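Notes for the one structure printed next.
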Amino acid sequence: MQQGFMQRALLAGIMVAVLCPTIGLFLVLRRLSMIGDTLAHVSLAGVAGGILAGVYPPVMALSFSVLAVLAIEKLRRTYQHYAELSIAIILSGAVGLAGILLSQKNSASSDLMSYLFGSIVAVNEQDLLILAAVMVIVTVTVAILYQPLFYITWQEEKARLSGLPVSTLNLVLLILAALVIASSLRIVGILLVSSLITLPVAASLQWARSFAHAFWLAQGYALTAVILGLALSYGFDWAPGGTIVLMAVTLLILTLLVKWLIRSWRRHGLSTSA
Amino acid sequence: MIKRIDHPRWRDRNKIQTEPVVELRGVSFAYDDRTVLTDIQLEIYPHDFYGIIGPNGSGKSTLLKLMLGLVTPDAGEVLLWGKPLTENTNRARVGYVPQKATAFNASFPATVAEVVATGRIGRRGLFARPNPQDREIVADCLERVGMADFAHRHIGQLSGGQQQRVFIAQALAGEPELLLLDEPTVGVDSEQQSLFYDLMTHLNHDLGLTIVMVSHDIGVVTERVNKLACVNGRLFYHGEVSLFKDRQTEILSRLYGQVVEVVYHHH
């Protein structure tokens with residue numbers, strides 16, 4: 001029984017570790033890091049609504065997120081030169097809505113805590129199946145559209161000129177992000193999911209010379225954080241979501257430290273030889 | 001004297017049978033209420049190495065944007081291969097190296113090969129995966145611009161001139177028939193500039209590529225291109241470089257004289 005839930009947690013954690021940085025790399029390089037946080041808060045409203053209405057909360061979170069993505073794209077066109085404003089507007093709306101939904105007495109259940117911070121115990125077969133389905137959708141889509149997605153991330157204007165449907169590709173990317181976030185909620189939690197989208201990418205960018213390197217390295221960082229985090233949370237009985245994210249932060253700090261050491265060692269080496 | 005004037009006319013008569021690659025018919029364009037170009041009429045033929053020169057703010061970059069369909073004319077028509085821009089669905093026939101192509105986030109994780117490979121997407125189609133032929137063409141293009149040894153280098157660590165050659169390779173990877181370049185020699189040192197023009201001449205002669213290049217560097221451009229358009233709001237000259245050189249002083253004083261008047265007018 002206990003082993004069963006650990007296996008489920010590990011399996012779910014590995015899938016989340018692959019999914020989050022895969023989408024995260026494109027988002028971070030497109031200066032859309034904040035979209036993870038926004039969609040997480042939209043998901044919070046969705047989860048609260050789901051608990052209230054008696055609908056499976058991740059499904060509700062996903063529906064809310066997809067609507068939010070469509071609204072963000074629409075607003076992004078209205079405020080062309082202030083793209084981040086569209087994200088801020090949706091974030092405000094989502095927090096407001098979540099506040100109202102959470103104040104309804106039925107939604108303030110203990111279940112909510114597991115969505116806020118993630119919970120191993122909460123991971124069931126249904127969650128695993130949804131994660132697996134999202135995993136297939138995301139890997140197949142990214143595998144097929146890898147180069148076009150790289151192109152719009154690297155040179156959006158030129159990609160448009162070469163005839164690529166840039167707006168559609170943008171939308172595809174954001175919908176994939178919504179899928180990843182809604183399905184990862186149970187593991188890392190609403191408040192922490194965006195950190196697993198950005199932190200491994202931030203660490204990988206310190207080393208990566210090529211896009212492909214950054215892609216695989218970010219997944220390596222995320223997998224390490226998830227596996228170490230799960231082990232520690234099991235051993236010390238810490239909250240798994242928080243432990244995983246703290247591991248990601250630790251790996252990032254270590255990376256920056258090593259980078260700094262290498263740089264100062266090189267500078268030192270140069271100054272003594274000169 | 002008569003012979004020299006007749007010579008290009010004879011060539012032009014031959015070219016009447018060939019369809020122009022680019023044709024602007026009475027094109028006018030204004031940004032809001034500021035008129036940039038008035039009644040532009042010009043044709044660019046296959047295998048031309050065409051220079052567009054003019055002072056700052058003369059509308060020469062706008063001319064290129066009109067050819068790319070980035071802006072639409074207020075009056076007149078832009079035709080590519082005899083068809084209006086909107087009917088040219090195959091964008092891969094046109095390669096483009098934008099102005100300040102080298103001004104990008106230098107820490108972006110991308111190698112030279114990854115960047116050049118994006119040039120293939122327009123040809124291959126959105127959903128097709130890169131195949132061995134694509135990789136071969138990418139390698140060929142890098143070879144052609146002399147950057148084959150840099151394929152796996154981080155793009156942000158290269159010099160301005162090297163980055164520019166990578167962006168040319170990226171444009172070539174789409175196997176274009178027409179190459180448009182906007183101020184390609186800005187921020188590139190003189191040695192790299194000379195290499196750049198050698199490369200353009202090679203592409204023009206050996207691959208038969210039609211090249212259109214916007215520049216403010218009249219001296220160098222007139223040495224390298226075979227056709228020229230002098231723009232400052234309207235066309236002051238267009239045609240063979242040899243003919244331009246005969247009347248260079250006159251044309252240039254009119255071309256730049258206009259600017260002085262405009263500046264004075266605003267005071």
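Please read these numbers as outputs of a predicted model, since none were measured by experiment. Per chain, numbering begins at 1; letters A, B, ... match sequence-line order.
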Are B:Arg224 and B:Asp217 close enough for a salt bridge, meaning some N to O gap below 4.0 Å?
no
Which of B:Leu126, B:Thr118, B:Thr111 touches chain A most, by non-hydrogen pairs under 4.5 Å
B:Thr118
Between B:Ile121 and chain A, with a heavy-atom cut-off of 4.5 Å, which part of the residue counts as in contact: side chain, backbone, both or neither?
side chain
What part of A:Leu161 gets closer than 4.5 Å to chain B, counting heavy atoms only: side chain, backbone, both or neither?
both
Under 4.5 Å from any heavy atom of chain B - which part of A:Ala208
both
Give, as side chain, backbone, both or neither, the part of A:Leu169 having an atom under 4.5 angstrom from any heavy atom of chain B.
side chain
Are more than 12 heavy atoms from other residues, nucleotides or ligands located less than 6.0 Å from atom NE2 of B:His202?
yes
Name the region of A:Ala212, side chain, backbone, both or neither, that has any atom closer than 4.5 Å to a heavy atom of chain B.
both
Top of A:Ala143, A:Ser204, A:Ser210 for chain B proximity - count of heavy-atom pairs under 4.5 angstrom
A:Ser210
What part of A:Leu164 is in contact with chain B, defined as an atom under 4.5 angstrom from a non-hydrogen atom: side chain, backbone, both or neither?
side chain
Under a 4.0 Å N-O cut-off, is there an ion pair linking B:Arg93 with B:Glu175?
no
Does CH2 in A:Trp216 sit with more than 12 non-hydrogen atoms of other residues, nucleotides or ligands closer than 6.0 Å?
no
Is it the backbone or the side chain of B:Ala113 that comes under 4.5 Å from a heavy atom of chain A, or both, or neither?
neither
Aromatic rings A:Phe215 and A:Tyr146: how do their planes relate, parallel, tilted or perpendicular, breaks at 30° and 60°?
perpendicular
Determine the option with the most heavy-atom pairs under 4.5 angstrom with chain A, choosing from B:His154, B:Glu114, B:Gln157.
B:Glu114
Distance (rounded to the nearest 0.5 Å) between B:Arg144 CZ and B:Asp206 CG:
8.0 Å
Can you establish whether the number of heavy atoms outside B:Arg135 located under 6.0 Å from its atom CZ is more than 12?
yes
